[in-house]
Amino acid sequence: MPKAEEKKLVARANRTFEESLKEAGIKGAVAVLADGVEMDVRDVPTAEVTIQPVFTETTMGLKVLRHSAAHLLAQAVTELYPDAKPNAGPPTDDGFYYDIDMKPVNQEELSQIEGRMRELASKNLRIDKHRLSKKELLQKFSHNPYKVDKILENVEDGGYSTAYSQGNFVDFCKGPHVPSTGFLRSIKLLTVASTHYKADESRPMLVRIYGTAFPDDKTLKEFLHNREEAMKRDHRKIGQEMDLLVFNSEWAPGFPFYTPNGFILKQELTNFMRGLNLKHGWQEVATPHIFKDLIWKQSGHYAKYKPNMFLFTLPDGDSYGVKPMNCPGHVTIFAREPKSYKELPVKYSEAGTVYRYEKSGEMGGLTRPRMFTVDDGHAFLRLDQIISEIKDIISMTKETYSTILGEPTLTFDLSVIDKDAPENYLITYRCKDCGTEAEARKTSMAEALICPNCSSTHLEPDFATWDQATDQLRKALEEEGISYTENPGEAAFYGPKIDVHVRDALGRSWQLSTIQVDFFMPTNFGLYYINSESKHDRVIMLHRAIFGSYERFMAILIENYAGKFPTWMSPMQVYVVPVSEKFVDYAAKVHEELLRNDIRSTLDSNQETMNKKIKTIRPRRPSYIIVVGEKEEESGTVSVRNRLDKQKVLKLEDFVIQLNKEIKSRSLKQNI
RNA sequence: GCCACUGUAGCUCAGCAGGUAGAGCAGCUGAUUCGUAAUCAGCAGGUCGGGGGUUCAAAUCCCUCCAGUGGCUCCA
């Protein structure tokens, strides 16, 4: 088998790469990289060129493999369903899909399609490239309007492009592809979904078939195994096993209910965050859940968020909205009295529960509920205070993740303005004629802005505030030694922002923390402070959340730990089992001693066998199971079994001391 | 919202060429008094997601509503 290591060779002119590779004794390449361009192995260079073979063990090779697997899928489908019209079939991060205009397929048909794919793969059909003119292509694909669209969009008039054939199947495609279908033996079709053509709801529905392909059966099996493991860790499944949350789809669809166990977990996280906030100067506040619609109109949420808000009108005619965000509440508190420049920054935090109407198809477990609690924070700052505040928040995120998730990999994104499209943002415009400045957001390029003072249309955007804020974000990141990706055009319309992504134990990346600079809301609410010259000055607002949403964070924790939480946040820290009823008294004594020491203990004094008790409590995932019988009672000890099923006997006092230490220090590991 | 699939006891699931509901676990009662992943026996538990229709007869077929799951970003 060829290794994925870098091999370079010089390919001869006027011969296929395949031949040059063969001469060099290299087998199994699915494509080649010639001067950085991916090409088919059967392409023929007109001049000598240095090439690098591409193998399926590399990301690039895997992509080629999966793209070809998508073609194989389309071939199988069109053979089984001659009326089916394939649209597009790209590779994805962990497989491929193909969107096809056809009758919806069920599970059984999916297996048939997969079976046909295997047959075609075992035939090892040659995959050939054909260079065709636009006219020829249009003719060849005239029966398939989707392909016609693509040809019209992608091939210039009088131009040429390529099609690939295998057996009787032909697809319009720029490639590259594996040389023959024999490379596509380790495949699996996964799910059927549906999608609108070009993701446009007004266009026809297409059937999307997801599948995956690997270089060999071993890696495919590994993938399928991991996929199953991930499904076993699904927070909805474990949440039910541990009795953390319940949904009542009839009475409150999309709204999580915390059971006693789930509320313990949430409280532990809240307590952690409360401590962190206090340590970093964030004062805790609480705000109403319902406001008159006036505030939502003034904050700008109404314009943007109305379709996602729970709104109602009372008999007296007053209209109210349930909060989808906490900021207006914090603004109300900040605005209660004028602030001096000496008082800033003012920082408010709240575990604020917000409500957003999510469309029925977009809800899902704890990751997309209609109610969630944000560890929300709003800082009211002077422009020159951004940098130090950002740095401090970054240190809060690091402290949070290292305490709760160990040392996960963090990646940072800096989303900044796209200066070529100022109409997307709230910006200060300056009048070239009279010098008046105005904060505005154009709704489109076409619409001209008018100077509020002299009615001139000679306004130009002034990026100074944006630049200054963005520079401070950049500087904060750099001073913290953080490498980051800068994304132009990804900023919020009201300001630039930093997003933090966290990689969990399953290798999945989640966007959790966000730090956003906001020029908009202070403008809308007329927030100011009094500067050293007794003049009003602009307040900058910072929105920040570290967990993001408690619910989503809990879902990630459940899946990250497979429910086996660090003891400090575990709803059931100790489960006490007497060997038989004779020892219930001693078990009760142990249990009470634990409770006295603020340890969450549960005593099982039921008339069941010890074995059965241990068996049935497992899904609840207690941090420790304690078994006590004659030996323990006589010696004042406990027999402890930890999350890894390791057993140990120790004195009750020692157990309490060690466990207390483990809990108080928020240890991720078990001491016992 | 759109498309597909699914909805039977607290949980996991069987029953569906139409004849009026079944298992295991959990629960309750009793026996057993047990050394680290199921002791035994008995009992109870469901207007089969809601509504409408077809039929002598519907969990099963049809319509409709509700809910859950996967997908609706990756464009030859």
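As a basis for the values below, the full set of heavy atoms in this structure was taken, side chains included, without hydrogen atoms, waters or symmetry mates. A, B, ... follow the sequence lines: proteins, then strands. Residue 1 opens every chain.
At a cut-off of 3.5 angstrom, the base of B/G71 holds no donor-acceptor pair with the side chain of A/T195.
Here B/C40 presents its C1' atom at 13 Å from CD of A/Q607, a figure rounded to the nearest Å. Whole-Å rounding puts the A/K582 NZ to B/U32 P distance at 12 Å. Rounded to an integer number of Å, the gap from CD of A/E608 to P of B/A26 is 7 Å. The distance between atom OH of A/Y586 and atom P of B/U33, rounded to the nearest whole Å, is 24 Å. As rounded to whole Å, 9 Å separates atom C1' of B/A37 from atom CD1 of A/I625. Residue A/Y197 contributes atom OH, which lies 13 Å from atom P of B/C75 at whole-angstrom precision. Between the CE atom of A/M610 and the P atom of B/U39 there is a distance of 10 Å, rounded to whole Å. Rounded to a whole Å, the CG atom of A/N308 is 13 Å from the P atom of B/G1.
With a 3.5 Å limit on both pairing distances and Watson-Crick or G-U wobble geometry required, the stems of 3 or more pairs in RNA chain B span B:1-7 with B:66-72, B:10-13 with B:22-25, B:27-31 with B:39-43, B:49-53 with B:61-65.
Using a 4.0 Å heavy-atom criterion, one finds that A/K613 contacts no nucleic acid atom at all. Across all strands shown, A/T162 has no heavy atoms under 4.0 Å from either base or sugar-phosphate atoms. Using a 4.0 Å heavy-atom criterion, one finds that A/K615 contacts the bases of the nucleic acid, with or without backbone contacts as well. A/S249 comes within 4.0 angstrom of sugar-phosphate atoms only, judged by non-hydrogen atoms across all strands, and of no base. Nucleic acid contact for A/S580: base, since at least one base atom lies under 4.0 Å from a heavy atom of the residue. Note on A/E241: nothing from the nucleic acid sits closer than 4.0 angstrom, heavy atoms only. Note on A/E632: a base of the nucleic acid sits closer than 4.0 angstrom, heavy atoms only. In this structure, A/E250 reaches neither bases nor backbone, as no heavy-atom distance under 4.0 Å exists between it and the strands shown. Residue A/H67 is classed as a sugar-phosphate contact, given heavy-atom separations below 4.0 Å to backbone atoms only. Across all strands shown, A/N611 has heavy atoms under 4.0 Å from sugar-phosphate atoms exclusively, and none from any base.
For A/E581, the listed nucleotide lying nearest its side chain is B/U33; candidates were B/C75, B/U33, B/A37. Closest contact between the side chain of A/V579 and the listed nucleotides B/U39, B/G35, B/A67 involves B/G35. Of the candidates B/G35, B/C75, B/A38, the closest approach to any side-chain atom of A/E630 belongs to B/G35. Among the nucleotides B/C34, B/A37, B/U33, the one closest to any side-chain atom of A/T609 is B/C34.
For the C1' atoms, the distance linking B/A31 with B/G70 amounts to 49 Å, nearest Å. When the P atom is used for both B/A59 and B/C13, the distance is 22 Å, rounded to whole Å. When the C1' atom is compared between B/G45 and B/C25, the two are found 14 Å apart, to the nearest whole Å. Spacing between B/C61 and B/G68 at atom C1', rounded to whole Å, works out to 24 Å. A distance of about 43 Å separates the P atoms of B/G42 and B/C5, rounded to the whole Å. Going from the P atom of B/C66 to that of B/G51 covers 15 Å, rounded to whole Å. Only the C1' atoms considered, B/U12 is 24 Å distant from B/G50, to the nearest whole Å. When the C1' atom is used for both B/G30 and B/G22, the distance is 26 Å, rounded to whole Å.
When every heavy atom of A/R116 is checked against every heavy atom of A/L80, the shortest pair comes out as NH2-CD2, 3.6 Å. Smallest separation of non-hydrogen atoms from A/L120 and A/T181: O-OG1, 2.9 Å.
Within 6.0 Å of CG in A/N168 there are 12 or fewer heavy atoms belonging to other residues, nucleotides or ligands. By the 6.0 Å contact criterion, NZ on A/K134 is enclosed, its count of non-hydrogen atoms from other residues, nucleotides or ligands being greater than 12. By the 6.0 Å contact criterion, CD on A/E156 is open, its count of non-hydrogen atoms from other residues, nucleotides or ligands being 12 or less. No more than 12 heavy atoms of other residues, nucleotides or ligands shown are found within 6.0 angstrom of NE2 on A/H225. Within a 6.0 Å sphere centred on NZ of A/K129, heavy atoms belonging to other residues, nucleotides or ligands number more than 12. Within a 6.0 Å sphere centred on CZ of A/F312, other residues, nucleotides and ligands contribute more than 12 heavy atoms.
The side chain of A/R641 places no N or O atom within less than 4.0 Å of a non-bridging phosphate oxygen (OP1 or OP2) of B/G35. Residue A/Y210 has no polar side-chain atom (N or O) positioned under 4.0 Å from OP1 or OP2 of B/C74.
Looking only at side-chain heavy atoms (C-beta outward), A/R643 and A/T567 come within less than 4.5 Å of each other.
The main-chain N or O of A/K147 is found under 3.5 Å from a side-chain atom of A/N144 such that the two form a donor-acceptor pair.
Side chains of A/S623 and A/Q573: a donor-acceptor N/O pair is absent below 3.5 angstrom, by distance only.
Against RNA chain B, the stretch residues 221-240 of chain A makes heavy-atom approaches under 4.0 Å through A/R236, A/Q240.
Residue A/Y357 is the one, among A/V649 and A/Y357, whose nearest nucleotide of RNA chain B lies closer to the 5' end (criterion: closest heavy atom).
Ion pairing between a basic and an acidic side chain is recognised when a charged N comes within 4.0 Å of a carboxylate O; A/E228 and A/K232 show no such pairing.
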